[in-house]
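Scope of the values below: all heavy atoms of this structure, side chains included, with no hydrogens, waters or symmetry mates. As the structure lists them, so they are numbered: ligands from 1, and atoms in each ligand from 1.
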Amino acid sequence: MTVQPAESLSGLDLREEIDRLRKERKVVILAHYYQKPEIQDLADFVGDSLELSRKAAETDAAVIAFCGVKFMADTAKILSPEKIVVLPDLEAGCSLEDSCPPQKFRAFREAHPDHIALTYINCSTEVKALSDVIVTSSSAETILEQIPEEQKIIFGPDRHLGAYLNRKFGRDMLLWPGVCIVHEAFSETEMLKLKAQHPDAPIAAHPECPAHIIDHADYVGSTSGILQFAKTMEGDTLIVATEPHIIHQMEKAVPHKTFIGAPGADGNCACNICPYMALNTLEKLYLALRDLEPRIEIEEDLRLAAKKSLDRMLEMAAGTIGKGDLGRA
Ligand code: SF4
């Protein structure tokens, strides 16, 4: 269906209309921390990939409006197939998903038959179906600790997250060469200049950052972990090395503290704003609720194959599968 241009919506109070439609159509609006503040503020729940996956699996709403990127909306549909799942802009992709075409991933797996595939949730449904266990940045450490040390592992598609886990846990996982274009854009030189201006401010970094950024961090963790660190740290200023829209939740939670986004290459570019997440707007969300389009549809055999690795993540993240309980996809 054709999305109407924003100007044809002039005159509407979009917040009021979204509110009306969400009640009429029994919609739950889920938003990732990297969404624009105006979308975060009207969402029923704001969270990271693991939290949003759990919400999608649990909700009794008839419709899930997913304000995030496509692999996240796909995950919601995989876990809640009976729900209508809409994504305001179907073009909201992810550089990590793009880096890992399923046919190449399949060939990589076949070339390493003695390895299991531990795969970051930022991938296509097809790649999830080819994987043994999915992880998010908040569940990766808990899950990796449950896998026997002698088990050989392929980790994809984020090579920086994989390298961070290898360093932290002394593992030797084979890494797929994908990167997040947003976290890749942080500049070490500019960050050190910023640190010199705020010598007492700790640095919190997402593990999708390259090692030369992580090496300077006082805290490394998922978006929800960084948010928690912001709330509980002792100082009053924090340098934040992840997508800067997370700062909105920090400022709401602890308004007396100061949060400074880590800089990109020239010190003040917007290169660490995720261009895919930014495609979602209030206008597109309103249209998605009005028309219940664009919808996520997934062929049933593929969905069931992908669900296995996601279910395993949800179980292992809750600590309900013990060591040595991993099989092949
Ligand atoms: S921030 Fe990076 S990993 Fe997240 S959706 Fe954007 S490109 Fe993908």
Side-chain angles (χ1 to χ4, degrees), residues 30-37 39-40 43 46-53 56 66-76 87-101 105 118-128 131 134-140 155-165 175-187 204-211 213-214 220-227 240-250 261-265 269-281 284 296 313:
L30 303 181
H32 192 269
Y33 288 127
Y34 296 166
Q35 288 292 285
K36 296 178 175 100
I39 291 182
Q40 293 188 34
V46 184
D48 66 13
S49 294
L50 180 62
E51 293 163 340
L52 294 173
S53 300
F66 209 111
C67 299
V69 293
K70 185 161 181 301
F71 77 80
M72 297 176 177
D74 288 343
T75 300
L87 177 68
D89 192 322
L90 268 189
E91 297 299 312
C94 172
S95 65
L96 282 169
E97 176 176 351
D98 293 347
S99 79
C100 194
F105 188 72
L118 192 64
T119 307
Y120 195 28
I121 197 165
N122 300 35
C123 64
S124 64
T125 302
E126 288 79 2
V127 167
K128 287 183 177 73
S131 301
I134 299 301
V135 300
T136 62
S137 49
S138 57
S139 63
F155 186 89
D158 186 350
R159 71 184 167 94
H160 293 315
L161 174 57
Y164 169 74
L165 293 168
L175 306 181
W176 186 266
V179 295
C180 161
I181 53 168
V182 172
H183 291 86
E184 181 84 343
F186 291 117
S187 159
H206 193 281
E208 286 174 20
C209 290
I213 298 294
I214 286 181
V220 180
S222 65
T223 45
S224 53
I226 292 175
L227 181 57
V240 181
T242 189
E243 214 272 3
H245 285 114
I246 179 82
I247 290 175
H248 181 59
Q249 291 298 324
M250 295 174 179
C269 68
C271 44
N272 41 36
I273 289 179
C274 176
Y276 307 103
M277 291 275 183
L279 289 174
N280 294 322
T281 61
K284 290 177 193 169
I296 302 293
M313 171 188 79

Below the 2.8 Å mark, what number of protein N, O or S atoms do you get around atom 8 (Fe) of ligand 1?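 Near atom 8 (Fe) of ligand 1, the number of protein N, O or S atoms below 2.8 Å is 1.
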
For the residue pair [X] and [Y], what are the closest heavy atoms and their distance?
X      : Y      : answer
Pro157 : Tyr120 : CD-CB, 3.8 Å
His206 : Ser137 : NE2-OG, 3.3 Å
Cys100 : Val127 : O-CG2, 3.4 Å

First locate atom CD of Gln35, then atom CE of Met277, and finally report the distance between them rounded to the nearest 0.5 Å.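 It is 6.0 Å, given to the nearest 0.5 Å.
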
Supply the atom-to-atom distance Asn272 CG to Glu184 CD, rounded to the nearest 0.5 angstrom. 12.5 Å

Provide the number and element of each atom of ligand 1 under 4.0 Å from a heavy atom of Tyr34. 1 (S)

Could you tell me if the side chain of Ser224 sits less than 4.5 Å from the side chain of Tyr33, heavy atoms only?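 In contact.
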
Would a distance-only check, ignoring hydrogens and angles, find a side-chain to backbone donor-acceptor pair under 3.5 Å from Lys128 to Ile121? yes

Any His32 heavy atom less than 4.0 Å to ligand 1: no

